[in-house]
Amino acid sequence: MEISNTNRTSVFHSLKQWMQQYPLFSYFFLAYAFSWIVFVPYVLGEWGYLKGNYTFFYILHVFGPAIAAIAMTSITTGKAGLHELRQRIRQVRASLKWYLFILLGIPALVMLGIIAQPGTMASFKGFTPSLLIGYPISLVVVFFGVGLGEEPGWRGFALPRMQKQYGSLWGTLLLGILWSCWHLPDFLTASKGGGEGTGLVTF
């Protein structure tokens with residue numbers, strides 16, 4: 001039996017109202033669903049079930065959070081919200097301390113995380129010229145690749161709403177957990193030491 005246009009419109013309207021009522025749940029559902037589904041061909045390619053190069057799907061899955069943010073912003077606040085989101089992405093004015101934190105503080109935190117893992121310092125080769133040259137290049141690639149794919153969602157859409165609902169500290173910590181869980185499929189790939197048969201316990 002075909003669904004009439006009236007029923008289809010009614011279902012769409014009800015779904016839209018539900019998503020407006022539960023914007024955070026809807027955002028995370030869309031971000032996870034898009035990224036994880038799109039990521040499947042890449043994982044199957046790594047495991048040898050699909051032949052060919054599926055790097056495109058790896059790149060595309062990174063943009064799940066941004067796509068979910070655009071969709072949910074459009075649903076919840078319309079054109080005005082999309083304009084505000086674009087303005088926040090374009091914002092470059094910030095005090096010097098924040099730029100220093102980005103350029104120096106974050107790499108220092110990454111180093112501390114590496115040092116905390118047993119045995120990693122034994123393979124550390126020091127600050128070689130290639131590392132010093134590669135760092136700014138990597139920074140640009142990550143900013144325009146991973147950053148634009150993820151951060152409009154995590155920081156642009158989810159964080160302000162989570163901080164408003166749970167407070168600055170708990171909202172940020174909860175987002176950190178959900179952000180980490182979004183990366184779980186990466187551990188099915190060789191880049192994260194996983195592979196076919198890797199289980200949730202290993203995660």
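Count residues from 1 along the sequence. None of the values given here were measured: they were computed from a predicted structure.
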*Please step through side-chain contact (heavy atoms from CB on, under 4.5 Å) for the pair L60 and F34, ending with a clear verdict.*
CA-CA 9 Å; L60 185 61; F34 178 89; 4.1 Å; yes

Using every non-hydrogen atom in the two residues, find where [X] and [Y] come nearest and quote the distance to one decimal.
X: C181; Y: P185; answer: O-CD, 4.3 Å
X: V146; Y: V62; answer: CA-CG1, 3.8 Å
X: F28; Y: A158; answer: CZ-CB, 3.9 Å
X: P152; Y: L85; answer: O-CD1, 3.9 Å
X: P65; Y: E150; answer: CB-O, 3.5 Å

Once rounded to the nearest 0.5 Å, what's the spacing between atom [atom1] of [X] and atom [atom2] of [Y]?
X: K164; Y: L159; atom1: NZ; atom2: CG; answer: 13.5 Å
X: L44; Y: L188; atom1: CG; atom2: CG; answer: 10.0 Å
X: L103; Y: L96; atom1: CG; atom2: CG; answer: 9.5 Å
X: K79; Y: L82; atom1: NZ; atom2: CG; answer: 9.5 Å
X: L24; Y: Y166; atom1: CG; atom2: OH; answer: 6.5 Å
X: K16; Y: Q21; atom1: NZ; atom2: CD; answer: 15.0 Å

*asked:* Counting only heavy atoms from other residues, nucleotides and ligands, does the tally under 6.0 Å from NE2 of H183 exceed 12?
replied: yes

_Y99 atom OH, neighbour heavy-atom count above 12 within 6.0 Å_ = yes

Residues in side chain to side chain donor-acceptor pair (under 3.5 Å) with [X], at least two apart?
X: Q87; value: R90
X: Q165; value: none
X: T55; value: N53
X: S14; value: none

*Got a sec, which residues hit side-chain contact (heavy atoms from CB on, under 4.5 Å) with S180, two or more places apart in sequence or on another chain?*
none

Any side-chain heavy-atom pair of [X] and [Y] under 4.5 Å:
X: V38; Y: F63; value: no
X: I106; Y: F101; value: yes
X: P41; Y: F56; value: no

For [range], which residue pairs qualify under side chain to side chain donor-acceptor pair (under 3.5 Å), counting only residues two or more places apart or in two chains?
range: residues 25-40; result: S35-W182
range: residues 59-69; result: none
range: residues 66-78; result: none

Going hydrophobic residue to hydrophobic residue with side-chain gaps under 4.5 angstrom, can you get from [X] over to [Y]?
X: V142; Y: L148; value: no
X: F157; Y: W179; value: yes
X: I37; Y: I59; value: no

Per-pair distances, 0.1 Å, donor-acceptor, side chain in residues 171-178, under 3.5 Å, sequence neighbours excluded:
| from | atom 1 | to | atom 2 | distance (Å) |
| --- | --- | --- | --- | --- |
| T172 | OG1 | Q163 | NE2 | 3.0 |
| T172 | OG1 | S168 | O | 2.6 |

*After noting the C-alpha distance and the side-chain angles of F39 and Y58, does the key distance pass the ring pair (Phe, Tyr, Trp, His ring centres under 6.0 Å) rule?*
CA-CA 6 Å; F39 200 57; Y58 181 90; 5.7 Å; yes

*Can you name the residues that form a salt bridge (charged side-chain N to carboxylate O under 4.0 Å, His left out) with E151, not counting sequence neighbours?*
R155

*Taking ILVMFWY side chains as joined if any heavy atoms are under 4.5 angstrom apart, and letting links pass through other members, which residues group with I102?*
none

*Considering residues at least two apart in sequence or located in another chain, which fulfil the ring-ring contact (aromatic ring centres under 6.0 Å, His included) criterion with W18?*
Y22, F25

*Does Y54 use its side chain to pair, donor to acceptor, with the backbone of K51 at less than 3.5 Å?*
yes

